[in-house]
Amino acid sequence: MDTNEIRSTFIDFFASRDHTVVPSASLIPLDPALLLTVAGMVPFKAYLTAEEKAPYARAVSSQKCIRTTDIDILGTTARHMSFFEMLGSFSFGDYFKEKAIPLAYELLTEVYGMDPERLWYTVHETDDEAAAIWLDVVGVSPDRLQRRDRDNFWQMGVAGPAGPCSEIFFDRGPQYGPDGGPIVDEERFVEIWNLVFMQYIQDEPYHVVGDLPMKSIDTGMGLERMAMVLQDVGSLFETDSVRAIMAVGEARTGVRYGESDRSDMSLRILADHARALTFLIADGVVPSNEGRGYILRRLVRRAVRHAHTLGTQTPITASLVDVTVTEMGEAFPAIVEKQDFIRQVAEREETGFLKTLESGEQMLDVAISALGGATTIPGATAFKLHDTFGFPIELTEEIATERGLDVDREGFDAEMAEQRERARAAFRSSSGGDAVAAYRRIIGGLTPTSFTGYGEIEGGGVVLSLLREGELTERVDEGQEVEVFLSASPFYAEAGGQVGDTGRIVTETGVVNVSDTQLVLPGVHGHRGVVTSGHILTTQDARTVVDGTRRERIRKNHSGTHILHWALRDVLGDHVHQEGSLVAPDRLRFDFSHYEGVDHETLHDVERRVNVQIIANKAVHTVETSKDDAEKMGAIAFFGDKYGDEVRVVQMGDFSTEFCGGTHVPSTGQVGPLVLVSEGSVGSNIRRVEALTGSAAYDHLAQLRANLADIGGILRAQPGREVDAAHSVADRLRAAEQRIGEFEERERTQTADGVVSRAEKIGGAALATARIDGIGGDGLRALAFQIRDRLGSGIGAFGSVTDGKAAVIVFVSDDLVARGVAAGDIAGAGAKALGGGGGRDPRLAQAGGPNTDGIDEALLLMRSAASEALAEL
RNA sequence: GGGGACGUAGCUCAGUUGGGAGAGCACCUGGUUUGCAACCAGGGGGUCGUCGGUUCAAGUCCGAUCGUCUCCA
């Protein structure tokens, strides 16, 4: 049975038993707490915890997953891959273990036709219920039912849902390992299906703190593992689909699978990473130096490195993408559609890496030749190559081995550990975890603020709590800082990039000027400000007034951000994702994933499309709905935002639909003109644009027009001919400068002639001195060269005063330098009179100082120093 | 979020006690040639990423900033 058939069989089996077929979700989870979709249940997490009501009681899916926690051991085992598909069946508060277990058994033995004698089972050591179902209902042999502790307790490693589980194993036969079932050997007894009985909540791993409101089923069967077992092959990599991808690796490198353990590992890595990188890029991840982009980068680079190790020097990623698309395109049409884009992104990363490999090899050569006689490359050197230039340690080791050298791997690992520690320490000190904990302690029981600010910017509420200098208090007086918590508030708390509102809170006894509003706990708005008159008390009624002008500017910018996001995707492609944003009253900033700088022309195109939508004055609708319906509407999630049970969706016309909790204008026309003012980079593959809207945009344009008018006036250009005028002025300036240079040169020649003709003769040598003001250091030097060229054997010493600074220059002809005369000594003598210092070069020395009055004295000093030097010869 | 490296001519790069901005390729002009990176002579082309500081003097030292690369979280 081939892989595609195994997948469809699974889905058909559960679909025919009233399970809704749910398509695979993106590898980028909606849940911002997760980096990647690591398990089949990730898209269903909110249903399992009953945070949200599931739209169906039962579901079945084949979910693509990425796990890279063990990236370094990938390829070394037969059972792990970074990219895999998880076949899953789910029950949300519907049936429980009594049905899940028999269903699993039925599918395995009757539909897939597996030999019941080769199936083994584990249950949690306390789970007598599951054990009884296996033994009494299904009727499996007690010899093949084993009990384990933590291995049969499923949890995600973080706070969240958890529960005991029952796993099903397949005995691959004695050639794979010893007898005794999965508790003895998981290489022979390979896990194919995990049935999780979701019923607890944990606050930390294995620490149950309560029951879930309902009991659910979450099962996961690794598609590739199932293929391995059903096709009776030795590893995941030899299953039909993966083997075909590996074959391309073989063809490209000329290495056959099975030649050696080492090359087999490299081929497996090529096949594994081919799949992972194809799907990651298809879901919009681009290589970068952080987060999931960094995972993708490591996958691409590791694949290229192993291809390199196998002896191919030419780019390989494009052919890896192609074969993956061929093998898996039928089940995942999106990768067919995006094939060109995927190839392009992968190749770009590969090309960059090949470049770093090349320069890294050169640097390693230099490092090796600097070793002298030593035979060990120091760990620090290897680490520098890795850390600064991205040259992999494995390649350093390989090259070292080729040349009969060692690498101090321990030293390298130590440097690596140090870097990790540094990064962790920095993360700890910067994370705001402490602040949240503090708020939870102080006002944890507070009811969430009822936000009224979508419709109104004024309202009323009750003062629930007052926080002053981190302490709860019942009264805050004039002049004191305070954080106010209200039962209801129209103040928007900073979220989704939109900054918090400012304004006033007024009670019977006093006024608070609010300068910022923050979401200090989920749903709880903290109004920060100063009591500007009177005092305020808890339990008072308060009137709330948001600064309306500011809010208006903010919402123009926020709506503008959405339109901009749409236009960027429209022009650049669907890989454009929001990576961060700032929506402030004075401007908006938008960071997005894209693999290259955006040129002016493209930027103008984006800006034009934004303004076309604004001018069309499309209606802006906001709806509150379930997350699921929102996704069906095609809403784009803003990464980094947190969404509750009910999500808010902002729709603009028929072009933009985004999850968003922010405040918006009612129709796009109110955004006013949107002007892009900058485009730049904030890291590899992440770009940033800034824009203005509304009157700020108009003011900006008006200012540009005024500037142009000024420039036109200065250039005396006719309106509309400013550019021509600027060209003409620049050309004339250039010509004029050239002529000035010629005149200066001619003048210097004349001056030089005069100076040379007035030179004294001392012994057989000439001594020329002169004061030439107003020509500056560079001119003085040029003059000195001219004089030197004509003077023959001799010394020249000249002084100049320019722009309130005195400078001297001294040259000594080569023959005199050879006889011990040093220009630096003579210039030094002059510099004393100027209150400065000077150069030491014996042929040509410049010196100077701020004391311009001393210039004549300096010339005298230099003249006598030069005469003495000549007399001593 | 933290660390490291780099930024000099259109391209690839050199430039150490701070003191005359360079090479190769490319380009232009003239000559000589006309079979695989042709040659000879001459020439144009640089705010040394940007801003500030130190200094008589900064490509060079210090600080900030922008950009590129890279490792770690």
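From a predicted model like this one, the values you see are computed outputs, not experimental measurements. Lettering follows sequence order; numbering is per chain, from 1.
- Here, G59(B) and C48(B) have their C1' atoms 5 Å apart, quoted to the whole Å.
- Separation of the P atoms belonging to U70(B) and A26(B) is 30 Å when rounded to the nearest angstrom.
- Scored by the salt bridge (charged side-chain N to carboxylate O under 4.0 Å, His left out) test, E361(A) finds no partners at all (sequence neighbours excluded).
- Scanning for salt bridge (charged side-chain N to carboxylate O under 4.0 Å, His left out) contacts around R790(A) gives D753(A), with sequence neighbours left out.
- A donor-acceptor contact under 3.5 Å is not formed by the side chain of R420(A) with the base of G2(B).
- Every residue two or more places apart in sequence or in another chain was checked for a salt bridge (charged side-chain N to carboxylate O under 4.0 Å, His left out) with D815(A), and none qualifies.
- A residue-by-residue look at T356(A) and R788(A) shows that R788(A) has its nearest nucleotide of RNA chain B further toward the 5' end.
- Applying the side-chain contact (heavy atoms from CB on, under 4.5 Å) criterion to L364(A), with sequence neighbours excluded, gives I368(A), I377(A), L385(A), F391(A), T396(A), I399(A).
- Every residue two or more places apart in sequence or in another chain that forms a side-chain contact (heavy atoms from CB on, under 4.5 Å) with R420(A) is listed here: M416(A), R424(A).
- Remark: the separation of the C1' atoms in G18(B) and G67(B) is 27 Å, to the nearest Å.
- Not one side-chain nitrogen or oxygen of R688(A) sits closer than 4.0 Å to the OP1 or OP2 atom of C66(B).
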So R687(A) and D591(A), salt bridge (charged side-chain N to carboxylate O under 4.0 Å, His left out) or not? Walk me through it. CA-CA 6 Å; R687(A) 311 296 306 177; D591(A) 296 348; over 6 Å; no
Protein N or O to nucleotides 3-8 of chain B N or O, pairs below 3.5 Å:
{"from": "G3(B)", "atom 1": "N2", "to": "D387(A)", "atom 2": "O", "distance (Å)": "3.2"}
{"from": "G3(B)", "atom 1": "N2", "to": "D387(A)", "atom 2": "OD1", "distance (Å)": "2.8"}
{"from": "G3(B)", "atom 1": "N2", "to": "D387(A)", "atom 2": "OD2", "distance (Å)": "2.8"}
{"from": "G4(B)", "atom 1": "O2'", "to": "T388(A)", "atom 2": "OG1", "distance (Å)": "2.7"}
{"from": "G4(B)", "atom 1": "N2", "to": "T388(A)", "atom 2": "O", "distance (Å)": "2.9"}

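- Among residues two or more places apart in sequence or in another chain, the salt bridge (charged side-chain N to carboxylate O under 4.0 Å, His left out) test is passed with D516(A) by none.
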Would you tabulate the pairs of protein nitrogen or oxygen atoms and nucleotide nitrogen or oxygen atoms of nucleotides 12-14 of chain B closer than 3.5 angstrom?
none

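- Atom C1' of U55(B) sits at a distance of 23 Å from the matching atom of G49(B), rounded to the whole Å.
- Take F798(A) and apply the ring-ring contact (aromatic ring centres under 6.0 Å, His included) test, not counting sequence neighbours, and it matches no residue.
- The phosphate of A57(B) (OP1 or OP2) has a side-chain N or O of K805(A) nearer than 4.0 angstrom.
- No close placement of the F83(A) and H273(A) rings is indicated, their centers lying 6.0 Å or farther apart.
- Rounded to whole Å, the C1' atom of A14(B) lies 33 Å from the corresponding atom of U33(B).
- OP1 or OP2 of C71(B) lies within a sub-4.0 Å distance of a side-chain N or O belonging to R301(A).
- When each of F383(A) and A806(A) is assigned the nucleotide of RNA chain B with its nearest heavy atom, A806(A) is the one assigned upstream, toward the 5' end.
- For R348(A), the side-chain contact (heavy atoms from CB on, under 4.5 Å) partners are Q344(A), Y595(A), E596(A), not counting sequence neighbours.
- Helical stems of RNA chain B (runs of at least 3 Watson-Crick or G-U pairs, donor-acceptor distances under 3.5 Å) are listed by first residue: B:1-7 with B:66-72, B:10-13 with B:22-25, B:27-31 with B:39-43, B:49-53 with B:61-65.
- With sequence neighbours left out, A696(A) forms a side-chain contact (heavy atoms from CB on, under 4.5 Å) with L692(A).
- At C69(B), none of the side-chain N or O atoms of R297(A) fall inside 4.0 Å of OP1 or OP2 (strictly under the cut-off).
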